[in-house]
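Right, one structure below, let's go through it.
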Amino acid sequence: MFDRYHPSMIEPRWQRRWADERAAYVDTSVPGGEYYMLNMYPYPSGSRLHVGHGRNYILGDALYRRMRMAGRKALNPMGWDAFGLPAENAAIQSGVHPREYTLANIGRMKEQLYALGCLYDWSKELASCDPDYYRWNQWLFLRMWEQGLAYRKTAPVNWCPGCRTVLANEQVVDGRCERSGDAVEIRDLTQWFFRVTDYADRLLEGLDRLTHWSDRVKTMQRNWIGRSEGAEVFFRIDGLTEPLTVFTTRPDTLYGATFLALAPEHPAVPQLAARSPRRAEIETFVERVRRESRLEREAEGGEKEGLDTGVLGINPATGETIPVWLANFVLPEYGTGAIMGVPAHDERDFEFARKYGLAVRPVYRVGDADPDGAAMNEALPHGGVLVHSGSWDGTPNGPEAISVAIRWLEEKGFGRGRVGYRLRDWLISRQRYWGTPIPAIHCPTCGVVPVPDADLPVRLPDDVAFRGAEGNPLEQSEAFVKTTCPKCGGPARRETDTMDTFVDSSWYYLRFLNPADAERIVDTERVERWMPVDQYIGGIEHAILHLLYARFICRVLYDMKLVSIEEPFERLFNQGMITSLNPATGKVEKMSKSRGNTVSPDDLIARYGADTVRLATMFIGPPEKESEWSEDGVAGAHRFLNRVWETVSRAAEVTGVGQAAVSASASGDTGLRRWTHRTIERVTDDFDRFHPHTAVAALMEFQKALADALESGGESPAAIREAADTLLELLHPVAPHVTQELWERLGHPGFLLDQAWPHADPALALSTDVVLVVQVNGKVRGKLSVARGASESEAMARAREDERIRSWFEGREITRTVFVPDRLLNVVVR
RNA sequence: GCCGGAGUGGCGGAAUGGGCAGACGCACGGGACUUAAAAUCCCGAGGGCCGAAAGGCCCGUGCCGGUUCGACUCCGGCCUCCGGCACCA
């Protein structure tokens with residue numbers, strides 16, 4: 001009845017219509033029944049999407065369409081994470097300005113999203129490189145500075161002397177610059193930080209309330225924050241006025257501390273060196289460790305290296321002198337940058353003590369099975385449990401001993417209880433051009449001065465040359481750097497560091513509600529109505545940094561009373577990556593441009609149409625798992641859509657179209673109607689648990705059932721029509737174009753997208769007969785078709801009638817039977 | 001090393017709360033249609049054994065053990081792969 005299925009004829013037409021009718025647009029100023037689904041915030045570094053990304057957008061679009069049909073006022077906005085290093089590198093390599101490069105990429109990616117049939121509310125579009133967006137990064141920065149949440153301190157960076165520029169960790173390969181091959185130096189620069197550690201406890205506690213987040217991500221965040229309770233202990237050091245503070249999680253083992261170890265970067269090291277007879281050695285050692293790249297120093301199995309400073313400290317518990325060492329494994333960022341070494345109760349300290357012949361003094365009995373342990377126990381002078389300072393109180397090894405030890409330390413003034421975190425403050429400074437300028441001015445008389453709000457935004461200058469070997473290109477712009485001090489009016493220099501792009505992405509979801517608002521960063525009233533984000537979809541690679549920073553900034557805005565929520569994302573779904581064979585390595589790896597194993601959706605769309613690509617992508621497997629891309633499924637997906645076309649076309653012959661179409665609604669209890677309603681139930685359920693692949697499988701079975709019903713006749717036109725309509729409605733989220741085209745050809749007005757999601761009649765969705773499995777001693781011996789709700793005695797009677805089943809327990813003693821209604825009967829015999 | 005996830009036919013995968021293992025699809029084999037091919041449609045198929053056939057039996061969800069009437073599913077131990085973190089005091 002209908003001519004053949006031609007995706008290339010129908011898809012562009014519907015894409016235009018959807019855009020013209022503004023089908024997706026939601027007025028965020030209006031409250032009521034909202035489902036605010038947030039999809040993606042892509043980074044337009046590559047000019048083309050690949051199918052690996054494609055799955056994310058298709059899944060988001062399918063869920064958006066499903067939510068619209070379920071009557072939710074869904075908002076599917078799109079924004080662009082537009083700043084970042086690749087754009088700057090492209091500028092250096094090809095001379096194209098990062099802005100031009102980025103905007104061109106955004107344009108191409110938009111075209112592709114459009115070609116895939118993804119509907120976004122483009123009226124809410126934003127890009128972080130737009131001054132109207134990044135001015136609010138600057139505004140937020142100034143507020144955080146006022147509150148002490150933004151501050152400056154020195155931090156080491158990777159410096160490439162050849163490129164005269166700062167390198168990201170990933171640009172350092174084997175201690176050398178990826179590009180020039182020069183040996184990378186570690187330099188100390190004064191940089192800007194956000195004090196995320198102030199929020200560590202709140203970020204940790206908040207996780208407990210995120211009941212719709214996976215335990216997987218919550219566990220990763222908990223481990224990243226790494227809260228540990230312990231104590232600071234003060235050690236008097238020979239020749240130092242101030243005591244040395246160490247952090248330990250095991251203050252109860254203080255008695256066994258036989259040495260101290262400092263990070264070579266520790267601020268007390270120069271003083272120690274000055275008093276030490278080994279000054280030259282210390283300086284050489286510090287220089288050597290500092291030269292090790294961060295990556296190498298933190299690498300697996302790195303050799304522990306230390307140097308005895310020759311200076312002595314005093315263990316406050318024993319009063320004995322212990323040596324002070326420098327050690328490469330002590331990190332300056334964690335705890336206090338200094339540790340007490342307890343070789344008897346810490347494996348790493350033991351290894352170190354062994355290598356350098358340091359004393360081992362046990363505090364607790366240790367495992368006798370361990371030969372080292374047995375030796376230690378012999379050295380233990382008493383036959384009980386020693387807690388601290390050589391005094392005995394019978395407290396067992398454990399949390400109680402730790403709190404006893406902390407109380408003791410505090411009474412004696414030897415230390416105090418403290419909570420330590422693994423989390424470090426967020427370094428936001430980047431020595432790059434393509435980012436948000438940090439709104440600060442360096443004045444020779446007034447110091448570091450904030451840019452006044454009235455002068456925002458501090459715009460990126462355009463007169464910048466990207467010649468590569470010149471450090472931060474921003475420094476080259478006279479017009480940008482030269483300014484006057486807002487305080488004294490004298491000549492001053494502008495800050496040339498720009499912000500980490502994670503700053504942009506940590507609050508963008510709020511900005512979708514008022515993207516063009518020049519008055520304020522967020523619209524508090526709209527946030528109240530629409531937030532939190534109901535469904536956040538993102539890759540698992542963002543489980544830690546992005547999601548933690550977004551939670552942090554949301555709390556900062558909460559404390560400023562700008563938003564009423566502390567947690568920005570109520571439900572989180574993390575998809576897995578699409579992998580494919582990398583021809584270079586011969587291994588199956590995640591699909592990415594840098595690995596050169598991408599597959600373009602453009603070619604596939606040209607060959608099969610967008611719906612086929614969408615269907616094949618959704619059918620590949622569960623989206624939370626990683627899946628290997630294979631084109632084998634594409635032809636099958638295309639065949640299925642052709643069958644849908646054929647079947648619905650034949651259904652139209654039976655039922656008529658437009659004015660002539662059947663008007664009676666389907667009634668009664670027929671095989672096809674049961675199929676229809678059971679399929680509604682299955683597909684609805686599958687979408688709600690993010691399993692589009694099983695929804696598609698159910699629709700394939702349903703299409704077959706409808707085709708069979710048409711073949712054999714016997715179903716009423718109304719039942720046929722109900723089935724055909726339902727098939728189109730349920731398939732629409734995955735294959736929107738072909739279903740919309742058929743919907744129109746059947747004579748329905750308007751968009752399927754605005755159609756109500758079909759409702760399953762529970763009486764029809766349940767079958768009247770069920771297959772009861774009969775087991776004997778747990779092994780399947782037969783199947784019985786019985787009425788739903790059949791009793792155990794009925795089932796048993798039927799089983800006895802069945803000769804084949806009966807033969808398995810005839811003449812044997814039945815010891816018990818297990819009956820699960822509508823499912824199974826298990827006869828246990830001796 | 002630690003944390004998290006996974007392991008099911010030739011392949012992608014299904015089995016939603018302990019109850020028919022292998023849905024759906026790909027590839028494959030056979031058949032129909034065709035002068036022929038493509039396309040399309042139909043049928044078949046986890047492995048082994050018995051049987052001429054109908055059919056029947058045994059084994060089977062990484063490995064070993066346990067709980068249970070019954071285990072892909074729960075418990076203990078191990079192996080492999082993937083992801084994240086890592087001298088974290």
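Chain naming here is simple, since letters A, B, ... match the order of the sequence lines and numbering starts at 1 in each.
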Taking the side chain as everything from C-beta on, heavy atoms only, tell me whether A:F640 gets closer than 4.5 Å to A:L731. yes

When the distance from [atom1] of [X] to [atom2] of [N] is rounded to whole Å, what number comes out?
| X | N | atom1 | atom2 | value |
| --- | --- | --- | --- | --- |
| A:E792 | B:C69 | CD | P | 16 Å |
| A:R689 | B:G13 | CZ | C1' | 13 Å |
| A:Q221 | B:G83 | CD | P | 20 Å |
| A:M340 | B:C87 | CE | P | 20 Å |
| A:R816 | B:U68 | CZ | C1' | 9 Å |
| A:I225 | B:C2 | CD1 | C1' | 18 Å |

For atom [atom1], what is the distance between [N] and [M], given to the nearest Å?
| N | M | atom1 | answer |
| --- | --- | --- | --- |
| B:G7 | B:U73 | P | 11 Å |
| B:A21 | B:G46 | C1' | 10 Å |
| B:G62 | B:A54 | P | 32 Å |
| B:G4 | B:C58 | C1' | 40 Å |

Describe the nucleic acid contact of [X] in one word from base, sugar-phosphate, nothing, applying a heavy-atom distance below 4.0 Å.
| X | result |
| --- | --- |
| A:L824 | base |
| A:R682 | nothing |
| A:G226 | nothing |
| A:H691 | nothing |

Under-4.0 Å side-chain N/O to phosphate OP1/OP2 contact, A:H693 with B:A14: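 Affirmative; the distance criterion is met.
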
Given [options], the nucleotide with the shortest approach to the side chain of [X]:
| X | options | value |
| --- | --- | --- |
| A:K783 | B:C59, B:A89, B:C20 | B:C20 |
| A:R639 | B:G70, B:C26, B:A14 | B:C26 |
| A:M220 | B:C24, B:G84, B:G19 | B:G84 |

What about A:N642: does its side chain form a donor-acceptor pair under 3.5 Å with the base of B:U40? no

I want to check a possible cation-pi pair here: A:R4 against A:W645, using under 6.0 Å from ring centre and within 45° of the ring axis as the test. no

Flag for A:E646-A:S649: side-chain donor and acceptor within less than 3.5 Å: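 Distance-only check fails for A:S649 and A:E646.
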
Main chain of A:E794, side chain of A:S791: is a donor-acceptor contact present, judged purely on distance under 3.5 Å? yes

Assigned partner base of B:C88, Watson-Crick or wobble definition, under 3.5 Å: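 The base-pairing partner of B:C88, which may sit in any strand shown, does not exist here.
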
